[in-house]
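Below is one structure, written out as structure tokens, with a few remarks after it.
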Amino acid sequence: MTQAAEPSDLLARVAAGDEAAFTALAAPQQRSIFRHCYRMLGSGADAEDAVQDTLERAWRRIGTYDGSGAFAAWLHRIATNVCLDMLRARKARGDPAGYGPPARPGAPLAPPEPELAWVEPVSDNELTGPVSPQDEVILREEISLAFVAALQRLAPRQRAALLLHDVLGFSHAEVGETLAISTSAVNSLLSRARERVGTAAVRAWRLADIDAFVELIAEDIRFSMPPLAAWFEGRVAAATFIETAVFAAARPHGVQLRPGSCNGQPAFADYQPDEHGRLAVSGLQILQLGEVHGQILIAALVSYRDPALAVRCGLPEILG
């Protein structure tokens, strides 16, 4: 992992046990560590826990850092192993489209299954910070919900190897050192991980206008609604469900929305009156856009019904 050299005076103070110097060195790396942990774990809350565990573990082991490698790489190694420890104790997260076959239009939807956990979105600010224009597209791909969800289908060590090598730029030897495996084992993990991951409308919704919405979605759209496991594939199935379950109930007033962005993707929160008559956030829609015959269409729509996720993504809890 390429990283500029740390100031020698800070390194000397860290080696002497100066906690303030450690904080000064670690602080600029926290967003990158959070991003890495989020990709590993698929949850913002879990990633926050992992960042704190990483910093605590790093401070306890500061005597093992000899300054011969980048401090950021040393922290990311620790973060990787923190995440692997967490993944051993927690159920894997996924996305409905990777769980089972698509639902049939009109079929009753099963209630959420408590034993299933889903990938959750986080705010752009938690993930990116300042990004140069040439890096923006690559970074957006590496933090998209689709990429994070695809990562969760990998075995934890495959996931770690792919992120360390292909995203963070660790060498094969550095990946092997982090995971305590041989270089040939790293090659095997990367090969299997890459094979599995692959290369990697708001107005219509607001007005509950199904005809306008249909014009915005791709023929092969995937529509999912965590925490429900049911999902729909294809324009007809998705539009039929949205018209029946969402738009019909919203007419004639439509849906109150606020646009935003999560995981580098366009998103919007929807709002409903609460018991006090205020417009309170009720859900979050995240769009994955794609180009079809020169037209930008919605290729996937993930509809979260947990208001806390919209708030986490920086959208207001109450509309004024």
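Residue indices begin at 1 and follow the sequence shown. All values derive from a computational prediction rather than experimental measurement.
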Check your understanding: So F22 and W59, would you call those rings parallel, tilted or perpendicular, with 30° and 60° as cut-offs?
Key -> tilted
Review point. Would you call the rings of H172 and H165 parallel, tilted or perpendicular, where under 30° means parallel and over 60° means perpendicular?
Key: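 Ring orientation of H172 relative to H165: perpendicular.
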Point to revise | Other ILVMFWY residues reachable from Y99 by side-chain steps of under 4.5 Å | key: L116, W118
Is there side-chain contact between [X] and [Y], with heavy atoms separated by less than 4.5 Å?
X    : Y    : result
I181 : R157 : yes
V119 : L151 : no
L257 : Y271 : no
L55  : T23  : no
F170 : R77  : yes
W74  : I62  : yes
C37  : V82  : no
F268 : I286 : no

Side chain [X], main chain [Y], donor-acceptor under 3.5 Å:
X    : Y    : result
S191 : N187 : no
E174 : S171 : yes
R159 : L154 : yes
Q152 : V148 : yes
R13  : D18  : no

Exercise for review: Go through L301 and F213 one step at a time and tell me if the side-chain contact (heavy atoms from CB on, under 4.5 Å) criterion holds.
Suggested key: CA-CA 12 Å; L301 174 60; F213 179 74; 4.0 Å; yes
Side-chain polar contacts of residues 84-92 - donor-acceptor pairs under 3.5 angstrom, sequence neighbours left out - could you list them?
{"from": "D85", "atom 1": "OD1", "to": "R88", "atom 2": "NH1", "distance (Å)": "2.4"}
{"from": "D85", "atom 1": "OD2", "to": "R57", "atom 2": "NH1", "distance (Å)": "3.4"}
{"from": "D85", "atom 1": "OD2", "to": "R57", "atom 2": "NH2", "distance (Å)": "3.3"}
{"from": "R90", "atom 1": "NH1", "to": "D46", "atom 2": "OD1", "distance (Å)": "2.5"}
{"from": "R90", "atom 1": "NH1", "to": "D46", "atom 2": "OD2", "distance (Å)": "3.3"}
{"from": "K91", "atom 1": "NZ", "to": "P114", "atom 2": "O", "distance (Å)": "2.8"}

Within this structure, what is the [atom1]-[atom2] distance for the pair [X] and [Y], rounded to the nearest 0.5 Å?
X    : Y    : atom1 : atom2 : value
E120 : L41  : CD    : CG    : 11.0 Å
L179 : N81  : CG    : CG    : 7.0 Å
L279 : D270 : CG    : CG    : 11.0 Å
L287 : L145 : CG    : CG    : 10.5 Å
S282 : Q272 : OG    : CD    : 4.0 Å

Check your understanding: Would the number of heavy atoms belonging to other residues, nucleotides or ligands and lying under 6.0 Å from CD of Q256 be above 12?
Key -> no
Review point. With sequence neighbours excluded, what pairs up with D166 under the salt bridge (charged side-chain N to carboxylate O under 4.0 Å, His left out) test?
Key: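 Testing D166 for salt bridge (charged side-chain N to carboxylate O under 4.0 Å, His left out), a comparison that skips the adjacent residues, returns R194.
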Review point. Does R278 have any salt bridge (charged side-chain N to carboxylate O under 4.0 Å, His left out) partners at least two apart in sequence or in another chain, and if so, which?
Key: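 Residues passing salt bridge (charged side-chain N to carboxylate O under 4.0 Å, His left out) with R278: D274.
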Review point. Tell me the salt bridge (Lys or Arg N to Asp or Glu O under 4.0 Å) pairs involving residues 95-104, sequence neighbours left out?
Key: D95-R153
Run the side chain to side chain donor-acceptor pair (under 3.5 Å) test against [X] and tell me which residues pass, sequence neighbours left out.
X    : answer
S188 : R192
T80  : H36
Y38  : N263
S184 : S182

**Study point:** Any residue meeting side chain to side chain contact (heavy atoms under 4.5 Å, CB included) with V167, in chain and number order, not counting sequence neighbours
**Key:** R39, E142, F147, L163
Without placing hydrogens or testing angles, list every side-chain donor-acceptor pair under 3.5 Å for residues 221-241, not counting sequence neighbours.
{"from": "W231", "atom 1": "NE1", "to": "P96", "atom 2": "O", "distance (Å)": "3.3"}
{"from": "W231", "atom 1": "NE1", "to": "G100", "atom 2": "O", "distance (Å)": "2.5"}
{"from": "W231", "atom 1": "NE1", "to": "P101", "atom 2": "O", "distance (Å)": "3.3"}
{"from": "R235", "atom 1": "NE", "to": "I217", "atom 2": "O", "distance (Å)": "3.2"}
{"from": "R235", "atom 1": "NH1", "to": "E219", "atom 2": "OE1", "distance (Å)": "3.1"}
{"from": "R235", "atom 1": "NH2", "to": "I217", "atom 2": "O", "distance (Å)": "2.7"}
{"from": "T240", "atom 1": "OG1", "to": "V236", "atom 2": "O", "distance (Å)": "2.7"}

Practice item. Begin from the C-alpha positions of S303 and Q285 and carry the test side-chain hydrogen bond (donor to acceptor under 3.5 Å, both in side chains) through to its verdict. Key: CA-CA 4 Å; S303 178; Q285 326 300 322; 2.6 Å; yes
Atom pairs and distances, donor-acceptor, side-chain atoms in residues 309-320, under 3.5 Å, two or more places apart:
{"from": "R312", "atom 1": "NE", "to": "E126", "atom 2": "OE1", "distance (Å)": "3.3"}
{"from": "R312", "atom 1": "NH2", "to": "G44", "atom 2": "O", "distance (Å)": "3.3"}
{"from": "R312", "atom 1": "NH2", "to": "E48", "atom 2": "OE2", "distance (Å)": "3.0"}
{"from": "R312", "atom 1": "NH2", "to": "E126", "atom 2": "OE2", "distance (Å)": "2.8"}

Practice item. Please step through side-chain contact (heavy atoms from CB on, under 4.5 Å) for the pair H76 and S32, ending with a clear verdict. Key: CA-CA 9 Å; H76 280 78; S32 177; 2.9 Å; yes
